[in-house]
Amino acid sequence: MVKETGQKRAVLTVLGSDKVGIVAKVTALLAKHNANILDISQTLLEDLFSMIMLIDIEDLSLDFETLNKELEELSKELEVQIKLQNEEVFRYMHRI
Amino acid sequence: MLFNTGEILETVKMIETENFDIRTITMGINLRDCSHPDIDILNKQIYNKITTQAKDLVKVANKIEGEFGVPIINKRISVTPISIVANACKEENYTSIAQTLDKAAKEVGVDFIGGFSALVHKGYTKGEKNLIQSIPEALAKTDRVCSSVNVASTKSGINMDAVLEMGQTIKKAADLTADKDGLGAAKLVVFCNVPEDNPFMAGAFHGTGEPEAVINIGVSGPGVVNNVVNKIPEANFNQLADTIKRTAFKITRMGELVGQRASEMLGIPFGIVDLSLAPTPAIGDSVANILEGMGLEYCGTHGTTAALALLNDAVKKGGSMASSSVGGLSGAFIPVSEDQGMIEATKVGALSLERLEAMTAVCSVGLDMIAVPGSTSAQTIAAIIADEMAIGMINKKTTAVRMIPAPNKDVGDEVKFGGLLGEAPIMKVSKFSSDKFVNRGGRIPAPIQALTN
């Protein structure tokens, strides 16, 4: 039996070359699926765009895997790298 | 920001550009309750047990991969040593059991299944004799089955009869798969002090001290360590060791997280994280490159053993802080054919069998994935095994030999296995005979180190 385990928050990272509409398109997709943005940070190092978002996925209107797939399609369209990961990954790796 | 941006980008970079991955999720399954004198019934019971117990393994692994965004490269199964499971069988040829394991592995979608194994460090039972005799045919007729034999331990010494027999078995396994450069021998490993919970192939099996089923994780990340080492070319050894330790900590934490989640989702206890640095043929994902990053022109030159000792120890220290259940082999692997840096070092003549043997005294395993001329005799291979077992026995550590006497190939040629098994230039072995030594028979007694009680 596969048990579902609780997943509440996730970290979304976007890396790539800067262009118009990255933030708009990513946040629109998140809003569409009821993912609430808790925190956001964006930097531009020369031409490299990097955005990190902490999102609440408690009330997500679809499952994590499907959201991941849609983000993957968006990443191809925007030609940037988008990665959605359970926040535990970062908590575990850098904290005891 | 609720998170440190630098930490998040560091993690993402490890995965995206430094080949960081979870090398394997290995499910250990007890097969002792499948025993039956009739081998057909035994096979049926083994097949049913594995395909029931592991039916969700790949699905769960894929789900975790998606959720954490960390690739999980291999999904594997280890089972109770078949020599124990089949001990009651009237049939002496166990090849059909290997074929059953192969079929079950394909059914549940795992890439390797380990446990076509025997432990004979002190002597043979009937089942162990039968199993070892079945190994060459079993490995030739299956794709995913791995075999291992433990012939020595610190507590019992070296079973030299078994060492000689394994020399012959390796030769046969290679000869029966001559059309594939001797691939059979690449799936067969000979051990001293074999761990019972190792998740890595070809040596994985489900030990008799283990529970009914267990989840073991093998983490990796030579690329990540390589990168941090290359960033600090001027650092002294203390700083170098400290940096590696911190990196090993982070890598192992991921293994711990994945193991706990997999255990929770499958309802099977979490066993251990094996924090071995396991190289792949991918450029940069190399243990040899880490040693070269420390300042050696090529892996294998003078200083290599010291560099590897530092690396292996720092990896263990970092890992042991990161998880309370570290086990398996845990350290650095030095398989030649699976490591682009080792292949390069061999090609330029920097790395030899003798140097590799010295390296195994300070790293986590042994002579691994080394191709030697097809003309190498069974006695010479047995003598190489004996040397390696002696290092493990005296130093109270695991050592192993996975060697491929590539049929019809000689020094200057190469073997190609493809995938994770990679490719290797043929290495030179001594031309002088060890025949009289290995033909003596009997057991090298347990060393004084065994008397610890």
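These numbers come from the heavy atoms of this one structure, side chains and all, not from hydrogens, waters or symmetry mates. Letters A, B, ... mirror the listed sequences (proteins, then strands); counts begin at 1.
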What one should report as the nearest heavy-atom pair of B:T5 and A:S41 is OG1-OG, 3.9 Å
Output for pair (A:M93 CE, B:M14 CE), nearest 0.5 Å, gives 4.5 Å
Answer with side chain, backbone, both or neither: which region of A:L15 has an atom nearer than 4.5 Å to a non-hydrogen atom of chain B?
side chain
Option that, when pairs with chain B are counted at under 4.5 Å, heavy atom only, ranks first among A:K69, A:E65, A:K83
A:K83
CD1 of A:I52 to CD of B:E7, rounded to nearest 0.5 Å, is 10.5 Å
Heavy-atom count around B:R32 CZ within 6.0 Å, excluding the residue itself: above 12?
yes
Can you confirm whether A:K25 is buried at NZ, in the sense that more than 12 heavy atoms of other residues, nucleotides or ligands lie under 6.0 Å from that atom?
no
Only one of B:T11, B:N4, B:I8 passes side-chain contact (heavy atoms from CB on, under 4.5 Å) with A:H94; say which it is.
B:T11
Going from CE on B:M254 to CZ on A:F90, what distance comes out if it is rounded to the nearest 0.5 angstrom?
8.5 Å
Contact between A:Y92 and B:E256 at the side-chain level, heavy atoms closer than 4.5 Å - yes or no?
yes
If you count the non-hydrogen atoms of other residues, nucleotides and ligands that lie under 6.0 Å from NZ in B:K44, is the total more than 12?
no
Turns out that what part of A:T43 lies under 4.5 Å from chain B's heavy atoms comes down to neither
Sidechain-backbone polar pair: B:E67 side chain, A:N86 backbone, donor-acceptor under 3.5 Å:
no
Nearest heavy-atom neighbours spanning B:G66 and A:N68:
O-ND2, 3.0 Å
Which portion of B:Q260 sits near chain A, non-hydrogen atoms under 4.5 angstrom
side chain
